[in-house]
Amino acid sequence: MLELNLIRTKPDFVKERLKVKNFTRLELVDEVVVLDVERRRLQQVSEAAQHESKSLSKQIPKLYKQGKRDEAETLKSQAGSLKESIKNYQEELKITEEKLHDALVQLPNLPHESVAVGFGADDNEVVAENGTHPDLGEDAKPHWELFEQYNIVSLELGSKIAGAGFPVFIGKGARLQRAMINFFLDEASKAGYQEYMPPLMVNKDSAYATGQLPDKEGQMYHVTIDDLYLIPTAEVPLTNIYRDTIVNEEDFPIKLTGYTPCFRREAGSYGAHVRGLNRVHQFEKVEIVQLTHPDKSYAALEEMAKHVGGILQKLGLPYRILRLCGGDATFTSALTYDFETYSAAQKRWLEVSSVSNFETFQSNRMKLRFRDSETKKMRLAHTLNGSALALARIVATVLENNQTPEGIVIPEVLRPYTGFDIID
RNA sequence: GGAGAGUUGGCAGAGUGGUCGAAUGCGGUAGUCUUGAAAACUAUUGACCUUUACGGGUCCAGGGGUUCGAAUCCCUUACUCUCCGCCA
């Protein structure tokens, strides 16, 4: 959620920045400004009436003590009628506050100044590229063909048990996944992230706090009977650990990690790009989250990007880093780096990690604050997160890029975790 | 799922209709004393909204109600604890 004060003082600046994100409903900004003025006016008249009512009430017991019953009764009836108007003011105030909030949560985060104008994936800027594309020859197989050849993943079984997009990992395939999860968690621990195992379902408050609601309502699985949402990413439960908290400035940066399955309805997607593991409803992911001092968040973003790049290098995967343009960046982020690995068999790039700085957008919704040691004032913290890494697609590229006539060679770093060095 | 008890400031813990935003203790901060520290003493110490400022308002788990007036009475929801049931 954008900070109200910024919209109040610089509405035109806000609109300019929102245009970079291709946000078209700029009239919402004006609406916020108008509602904000109205809200404050109503609050003032309401509070003035409350003040009067309060001082009347204080006089009543005094008058009784002095034996002035009649005067006390008069004040009582005055206070009684005041009560009516207070009630009316407060109702109006409440309605205005709700309208203001509704408008406010529909505004996406402002992009960082380095974010380029653009409409979609083609406008993203490649900021780094690493590793060489393996030459697998003409008969290289895409991962879904390798699944069948080695019997390590079954899409059909998943479809039978749950539905399309729920792969079943079998034998060495399952073991490879578990190995990666452990490897990624260990890497995060080494980098100073505290490990958590959070709930896989969250309530509405949590989903609002990190910005999945109301923006991504249709993308989450909703358990309606208990009004819970299956997490689309560990970002949601991990970041919400710090909802409604005031942290000590010296505790920054706070670094959290966690492995969870992620559930996504992926409503509306279709076509060749959803084959195999490219796009599924449930996948495994190790997430890293940082809560930082506002002055340090961009340094933290670089650090997190480096962490993700380091893991990809250890796995021996060629990758590139994209800085997302305004049109492709998410609702909540100020700046996002996407990591893509090159799938040599599919001959295309697959997104395997997304590292973002949300600045105060999430912390404003969450009321995640700290007391600034210099000014002694409360300030909003900055929140960041990134995948380190998302499993399904990493499995896909590892399988494809490491295929040999003898079998699929397991990357060196994973062997202590898998207990085998080849899938054959 | 059933029965009972509870939820007060950073923590502990008073407070059962009117000067309670809330005693007291601990903790925190500042000062005195000290070469320094500790101890002692003194002062100070919640959050939020609003206001140029003075000030005003809200918050005693959340929501609703009674009353001129609610931390205090009533209803309701959530959570915690104890017992029972069920269960990996």
Side-chain angles (χ1 to χ4, degrees), chain A residues 1-9 32-105 197-209 223-229 237 240-252 254 261 360 362-381:
Chain A
M1 190 157 67
L2 294 176
E3 291 177 67
L4 189 53
N5 196 35
L6 181 68
I7 300 175
R8 189 186 291 160
T9 53
V32 166
V33 171
V34 170
L35 286 167
D36 177 51
V37 170
E38 176 65 1
R39 195 205 94 231
R40 281 182 290 166
R41 184 191 71 80
L42 284 168
Q43 181 171 331
Q44 281 170 35
V45 294
S46 165
E47 286 181 359
Q50 282 176 72
H51 179 57
E52 201 184 337
S53 157
K54 233 178 166 176
S55 60
L56 285 181
S57 292
K58 276 187 181 166
Q59 291 172 44
I60 291 169
K62 288 180 192 160
L63 290 172
Y64 274 121
K65 275 179 194 158
Q66 293 166 14
K68 298 176 179 169
R69 293 195 66 88
D70 291 350
E71 286 183 42
E73 291 300 327
T74 314
L75 284 193
K76 266 196 188 182
S77 67
Q78 275 182 30
S81 60
L82 249 183
K83 204 176 137 182
E84 273 305 303
S85 50
I86 290 171
K87 204 176 169 186
N88 290 336
Y89 286 138
Q90 289 191 332
E91 251 163 52
E92 269 186 81
L93 181 60
K94 198 178 163 193
I95 292 167
T96 308
E97 278 174 346
E98 277 167 9
K99 280 188 193 162
L100 178 60
H101 184 257
D102 284 350
L104 215 42
V105 294
M197 229 189 222
L200 304 183
M201 295 186 210
V202 294
N203 57 30
K204 269 204 162 71
D205 285 347
S206 294
Y208 263 101
V223 182
T224 51
I225 192 165
D226 293 307
D227 203 14
L228 294 169
Y229 292 87
N240 270 282
I241 289 170
Y242 281 89
R243 171 152 53 86
D244 292 322
T245 52
I246 297 170
V247 303
N248 294 320
E249 194 176 354
E250 58 268 26
D251 291 340
F252 286 137
I254 295 169
T360 60
Q362 292 182 330
S363 56
N364 190 31
R365 289 189 178 198
M366 283 201 289
K367 297 199 171 54
L368 163 55
R369 294 161 299 165
F370 68 99
R371 191 180 292 282
D372 191 297
S373 56
E374 279 176 30
T375 62
K376 306 288 178 201
K377 293 252 168 93
M378 284 294 179
R379 290 181 68 183
L380 294 168

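Every chain is numbered from 1 and lettered A, B, ... according to where its sequence line falls, protein lines coming before strand lines.
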For a quick check of understanding: with a heavy-atom distance under 4.0 Å over all strands, which category does A/R39 fall into, base, sugar-phosphate or nothing? sugar-phosphate
Mark yes or no for whether A/S57, through its side chain, and A/S53, through its backbone, hold a donor-acceptor pair below 3.5 Å. yes
Without decimals, in angstroms, what is the distance between A/R41 CZ and B/rC49 C1'? 17 Å
Treating primed atoms plus P, OP1 and OP2 as sugar-phosphate and everything else as base, which nucleotides of nucleotides 57-72 of chain B get B, S or - for protein heavy atoms under 4.0 Å? SS--------BBS---
Mate of B/rA40 where both pairing distances stay under 3.5 Å, Watson-Crick or G-U: B/rU32
How long is the line joining NE2 of A/H101 and P of B/rC49, in whole Å? 14 Å
With no hydrogens and no angle check, just 3.5 Å: does a side-chain donor-acceptor pair link A/N88 and A/S85? no
On RNA chain B, does the nearest nucleotide to A/K62 precede the nearest nucleotide to A/A48 from the 5' side, or the other way round? Give the residue. A/K62
Which nucleotide, in any strand shown, forms a Watson-Crick or G-U wobble pair with B/rU66, with both distances under 3.5 Å? none
How many Å lie between OH on A/Y89 and C1' on B/rG56, as a whole number? 16 Å
So A/V247 and A/L368, do their side chains get closer than 4.5 Å, heavy atoms only? yes
Name the pairing partner of B/rU19, where a pair is Watson-Crick or G-U wobble with both distances under 3.5 Å, or state none. none
Parallel, tilted or perpendicular for A/Y208 and A/H101, by the 30°/60° rule? tilted
Whole-angstrom distance between B/rC11 and B/rG62, as gauged at atom P: 15 Å
Between B/rC74 and B/rA70, how many Å separate the two P atoms, rounded to a whole number? 15 Å
Without decimals, in angstroms, what is the distance between A/D227 CG and B/rA78 P? 13 Å
What distance, rounded to whole Å, do you find between the two P atoms, one in B/rU82 and one in B/rA38? 41 Å
At 4.0 Å (heavy atoms only), tell me whether A/R8 reaches a base, stays on the sugar-phosphate, or touches nothing. sugar-phosphate
Smallest heavy-atom separation, A/A381 atom then A/S363 atom, equals O-OG, 2.6 Å
Looking only at atom P, what distance separates B/rU67 and B/rU72, rounded to whole Å? 16 Å
How about A/Q50 and A/S46: does a side-chain donor come under 3.5 Å of a side-chain acceptor? yes
Show your reasoning for whether salt bridge (charged side-chain N to carboxylate O under 4.0 Å, His left out) applies to A/K94 and A/E97. CA-CA 5 Å; A/K94 198 178 163 193; A/E97 278 174 346; over 6 Å; no
Taking the C1' atom of each, how far is B/rG10 from B/rC68, in whole Å? 37 Å
With both distances under 3.5 Å as the test, what is the Watson-Crick or G-U wobble partner of B/rC48? B/rG57
When the C1' atoms of B/rG46 and B/rG27 are compared, how many Å lie between them, rounded to an integer? 14 Å
Decide if atom CD of A/E250 counts as having more than 12 heavy atoms of other residues, nucleotides or ligands within a radius under 6.0 Å. yes
Between C1' of B/rC48 and CG of A/N5, the distance in whole Å: 15 Å
Can you tell me how far C1' of B/rU45 sits from CE of A/M378, to the nearest Å? 13 Å
Would you indicate whether A/K204, at its atom NZ, is surrounded by more than 12 heavy atoms from other residues, nucleotides or ligands within a distance under 6.0 Å? yes
Measure CG/A/L104 against P/B/rC49 and give the value in whole Å, please. 13 Å
Pairing partner of B/rU80, by Watson-Crick or G-U wobble and under 3.5 Å for both distances, is B/rA5
Provide the Watson-Crick or G-U wobble partner of B/rA12, both distances under 3.5 Å; none if there is no partner. B/rU24
Distance between C1' atoms of B/rU58 and B/rG4 (Å, rounded): 34 Å
Does B/rU51 have its OP1 or OP2 closer than 4.0 Å to a side-chain nitrogen or oxygen of A/R40? yes
Give me the distance, rounded to whole Å, that separates B/rG9 from B/rG15 when you measure between the C1' atoms they each carry. 14 Å
Applying the Watson-Crick and G-U wobble criteria at under 3.5 Å, what pairs with B/rU72? Answer none if nothing qualifies. none
Roughly how many Å is it from CD in A/Q44 to C1' in B/rC54, rounded to a whole number? 14 Å
